Amino acid sequence: EKDLDGFFSLILNESDDKRNYVRKGVSWALRNIGKRSLHCNRKAVKIAKIMKEDNTKAAKLTASEAIKELQKSDLLKKLKDKQDSEPSDK
């Protein structure tokens, strides 16, 4: 999961791009990273909230869509169950 941290800065850098396919790519990357684990979900939502504060329409729209999907109760329950079923390293 630490390998994914580098993608968050790239997502933020490209979030204000108005080109449709770039916007879709940013959205796709953010949403799919956020579905990997509860930890990634929290980071993705945090990045989306930062994007939402941006003054560009593209960033706000992408962030709103991502937050809406990443904060669905069924997704959060699935990620929580996944986390609870994984063996602890401690």
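Scope of the values below: all heavy atoms of this structure, side chains included, with no hydrogens, waters or symmetry mates. Quantities reported herein were computed from a predicted structural model and do not represent experimental measurements.
A salt bridge does not link Lys72 with Asp74: none of the charged nitrogens is closer than 4.0 Å to a carboxylate oxygen. A salt bridge is absent between Arg31 and Glu65; no separation between the charged side-chain nitrogens and carboxylate oxygens falls under 4.0 Å.
Interatomic distance, OG of Ser85 versus NZ of Lys80, reported as 10.5 Å (0.5 Å rounding). The line from CG of Leu70 to CD1 of Ile47 is 12.0 Å long, rounded to the nearest 0.5 Å. With rounding to the nearest 0.5 angstrom, the CG atom of Leu38 is 9.5 Å from the SG atom of Cys40. Between the CD atom of Glu14 and the OG atom of Ser9 there is a distance of 10.0 Å, given to the nearest 0.5 Å. For the atom pair NZ of Lys46 and CD1 of Ile67, the computed distance is 13.5 Å after rounding to the nearest 0.5 Å.
Between Leu4 and Lys43, every side-chain heavy-atom pair lies at or beyond the 4.5 Å cut-off. Using a 4.5 Å heavy-atom cutoff, the side chains of Ser37 and Gln83 are not in contact. Two residues are said to be in side-chain contact when any heavy atoms from C-beta on lie closer than 4.5 Å; Leu30 and Phe7 fail this criterion. When side chains are defined from C-beta on, Arg23 does not count as touching Asp17, because their heavy atoms never get closer than 4.5 Å. Here the side chains of Ile33 and Ile11 are in contact, with some heavy-atom distance below 4.5 Å. Side-chain contact between Lys18 and Thr56: absent, with no pair of heavy atoms (C-beta onward) separated by less than 4.5 Å.
Minimum interatomic distance between Ala63 and Ala48 (heavy atoms only, all atoms of both residues): CB-O, 3.1 Å. Between Gly34 and Leu79 the shortest heavy-atom distance is O-CD1, 3.7 Å.
A donor-acceptor pair under 3.5 Å is absent between the side-chain atoms of Thr62 and the main chain of Ala59, judged by distance alone.
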Chi angles and distances behind the side chain to side chain contact (heavy atoms under 4.5 Å, CB included) call for Leu12, Met51: CA-CA 7 Å; Leu12 275 174; Met51 287 169 51; 3.6 Å; yes
